[in-house]
Visitor: 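Before we start, here is the structure in question, set down as structure tokens.
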Amino acid sequence: MVGEEGAFVLGWDEVLTEEELSVTLKVLCMSEEEFKEYKEQDGWEDDSEEEEDSTLSNEALSRLKTPCKKLLYDSVLLTLESYGADLKAEQDLLNDKEAYEKLSRREQQALHVRYGQKRILHQLLELVQ
């Protein structure tokens with residue numbers, strides 16, 4: 001369900017791997033009975049209309065059912081814990097010109113990428129609280 005990378009791709013305005021995230025959330029939030037039925041039917045063949053209307057924009061994420069929101073929230077917290085430093089530490093380093101200039105070009109680029117990723121994850125936390 002998650003694909004080869006084992007991760008979902010989030011943008012500032014929406015989930016870029018919305019189909020994978022949508023299916024994963026549905027499956028993980030199912031009761032045991034619902035999951036058995038899902039397996040017997042080889043997925044949702046009759047949900048094509050629902051799938052078309054299920055764009056996972058930021059607004060749609062904030063309207064998810066509570067179990068799905070909790071699952072996303074906990075997943076984001078785990079992902080943020082995997083980073084060495086928190087968002088504030090990254091922002092402080094970006095704002096400290098002297099310390100920033102001591103970083104190699106590659107380290108500077110990595111800092112910008114990590115900072116952007118963390119900002120998106122923090123935005124997602126706010127959406128699903």
Side-chain angles (χ1 to χ4, degrees):
M1 284 181 289
V2 181
E4 293 178 23
E5 298 295 317
F8 302 108
V9 181
L10 306 170
W12 283 109
D13 300 318
E14 64 187 8
V15 176
L16 302 177
T17 54
E18 65 183 275
E19 183 178 345
E20 291 92 342
L21 181 58
S22 180
V23 171
T24 300
L25 287 174
K26 282 181 181 182
V27 170
L28 292 176
C29 293
M30 286 180 178
S31 68
E32 189 174 340
E33 284 181 21
E34 290 169 326
F35 183 69
K36 285 180 184 175
E37 184 178 317
Y38 171 78
K39 281 177 45 177
E40 289 172 5
Q41 294 179 1
D42 292 326
W44 294 281
E45 293 176 15
D46 297 322
D47 282 357
S48 56
E49 284 181 27
E50 182 183 317
E51 292 298 321
E52 289 175 14
D53 296 332
S54 68
T55 301
L56 287 177
S57 64
N58 287 348
E59 184 180 326
L61 287 170
S62 66
R63 292 190 316 258
L64 288 172
K65 293 178 182 175
T66 301
C68 292
K69 286 172 124 179
K70 171 109 175 79
L71 181 62
L72 271 177
Y73 187 87
D74 292 344
S75 298
V76 169
L77 286 180
L78 285 172
T79 302
L80 285 170
E81 286 176 11
S82 71
Y83 287 97
D86 65 3
L87 182 66
K88 182 165 178 4
E90 303 281 11
Q91 187 172 20
D92 291 345
L93 184 54
L94 282 168
N95 292 332
D96 183 347
K97 290 190 185 241
E98 189 175 316
Y100 181 79
E101 291 298 323
K102 289 180 182 177
L103 298 173
S104 70
R105 183 75 179 135
R106 187 177 201 156
E107 289 170 324
Q108 290 173 354
Q109 291 171 339
L111 174 62
H112 284 282
V113 169
R114 282 192 317 271
Y115 181 70
Q117 290 171 340
K118 289 176 186 178
R119 286 188 53 213
I120 289 172
L121 291 169
H122 279 274
Q123 175 180 292
L124 182 55
L125 281 178
E126 290 178 18
L127 291 168
V128 297
Q129 278 185 331

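In this text, all values refer to a predicted model and were calculated from it rather than measured experimentally.
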Visitor: With a 4.5 Å cut-off on side-chain heavy-atom distances among I, L, V, M, F, W and Y, is there a chain of contacts connecting Val128 to Trp12?
Guide: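 Same hydrophobic cluster.
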
Visitor: Identify, with sequence neighbours excluded, every residue that meets side-chain contact (heavy atoms from CB on, under 4.5 Å) alongside Ala99.
Guide: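 side-chain contact (heavy atoms from CB on, under 4.5 Å) list for Ala99, sorted by chain: Leu93, Asp96.
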
Visitor: Output the distance between atom NZ (Lys69) and atom CD (Gln129), rounded to the nearest 0.5 Å.
Guide: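 CD of Gln129 is found 9.5 Å from NZ of Lys69.
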
Visitor: To the nearest 0.5 angstrom, please state how far the CG atom of Asp13 sits from the CD atom of Glu59.
Guide: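 Separation between the atoms: 11.5 Å.
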
Visitor: Quick one: side-chain contact (heavy atoms from CB on, under 4.5 Å) partners of Thr66, sequence neighbours excluded?
Guide: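 For Thr66, no residue satisfies side-chain contact (heavy atoms from CB on, under 4.5 Å) once neighbours in sequence are set aside.
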
Visitor: Under the salt bridge (Lys or Arg N to Asp or Glu O under 4.0 Å) rule, what pairs show up with a residue in residues 115-129, not counting sequence neighbours?
Guide: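 Matches after skipping sequence neighbours: Glu90-Lys118.
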
Visitor: Is it the case that one hydrophobic cluster holds both Leu16 and Val76, taking links as side-chain heavy atoms less than 4.5 Å apart, direct or via other members?
Guide: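 Per the 4.5 Å side-chain linkage, Leu16 and Val76 are not co-clustered.
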
Visitor: Measuring from atom NZ of Lys65 to atom CG of Leu71, what distance do you get when rounded to the nearest 0.5 angstrom?
Guide: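 Here the interatomic distance stands at 14.0 Å.
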
Visitor: Roughly how far apart are Asn95 CG and Lys88 NZ, rounded to 0.5 Å?
Guide: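 The CG atom of Asn95 sits 8.5 Å away from the NZ atom of Lys88.
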
Visitor: Taking side-chain contact (heavy atoms from CB on, under 4.5 Å) as the definition, give me every residue that meets it alongside Gln109, ordered by chain and number, with sequence neighbours left out.
Guide: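 Once residues adjacent in sequence are excluded, the partners of Gln109 under the side-chain contact (heavy atoms from CB on, under 4.5 Å) criterion are Arg105.
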
Visitor: For Glu34, is the CD atom crowded, meaning more than 12 foreign heavy atoms sit under 6.0 Å from it?
Guide: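 Atom CD in Glu34 is packed in, count exceeds 12.
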
Visitor: List the atom of Cys29, the atom of Cys68, and the distance in Å for their closest heavy-atom pair.
Guide: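 That would be SG-SG, 3.2 Å.
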
Visitor: Rounded to the nearest 0.5 Å, how far apart are CG of Leu121 and CD of Gln123?
Guide: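 Rounded to the nearest 0.5 Å, the CG-CD separation comes out at 10.0 Å.
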
Visitor: Has the side chain of Thr17 got a donor or acceptor atom that lies under 3.5 Å from a matching backbone atom of Phe8?
Guide: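 Answer holds: no.
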
Visitor: If a pair satisfies ring-ring contact (aromatic ring centres under 6.0 Å, His included) and one of its residues is in residues 105-127, list it, with sequence neighbours excluded.
Guide: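 Of all non-adjacent pairs touching residues 105-127, those that pass ring-ring contact (aromatic ring centres under 6.0 Å, His included) are Tyr100-His112.
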
Visitor: Of the options Leu127, Leu124, Leu125, Leu78, which is the one that meets Tyr73 in a side chain to side chain contact (heavy atoms under 4.5 Å, CB included)?
Guide: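 Result: among Leu127, Leu124, Leu125, Leu78, Leu125 is the only option passing the side chain to side chain contact (heavy atoms under 4.5 Å, CB included) with Tyr73.
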
Visitor: Distance check, rounded to the nearest 0.5 Å: Leu72 atom CG versus Leu10 atom CG?
Guide: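 The distance works out to 8.5 Å.
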
Visitor: Check Glu101 with Lys97, please: is the shortest side-chain N to carboxylate O separation under 4.0 Å?
Guide: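 Glu101 and Lys97: not salt-bridged.
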
Visitor: Side-chain donor-acceptor pairs under 3.5 Å in residues 79-86, sequence neighbours left out?
Guide:
residue, atom, partner, partner atom, Å
Thr79, OG1, Ser75, O, 3.0
Ser82, OG, Thr79, O, 2.5
Tyr83, OH, Gln117, OE1, 2.8
Asp86, OD1, Ala89, N, 2.9

Visitor: What's the verdict on salt bridge (Lys or Arg N to Asp or Glu O under 4.0 Å) for Lys36 and Glu32, showing C-alpha distance, side-chain angles and the deciding distance?
Guide: CA-CA 6 Å; Lys36 285 180 184 175; Glu32 189 174 340; 3.6 Å; yes

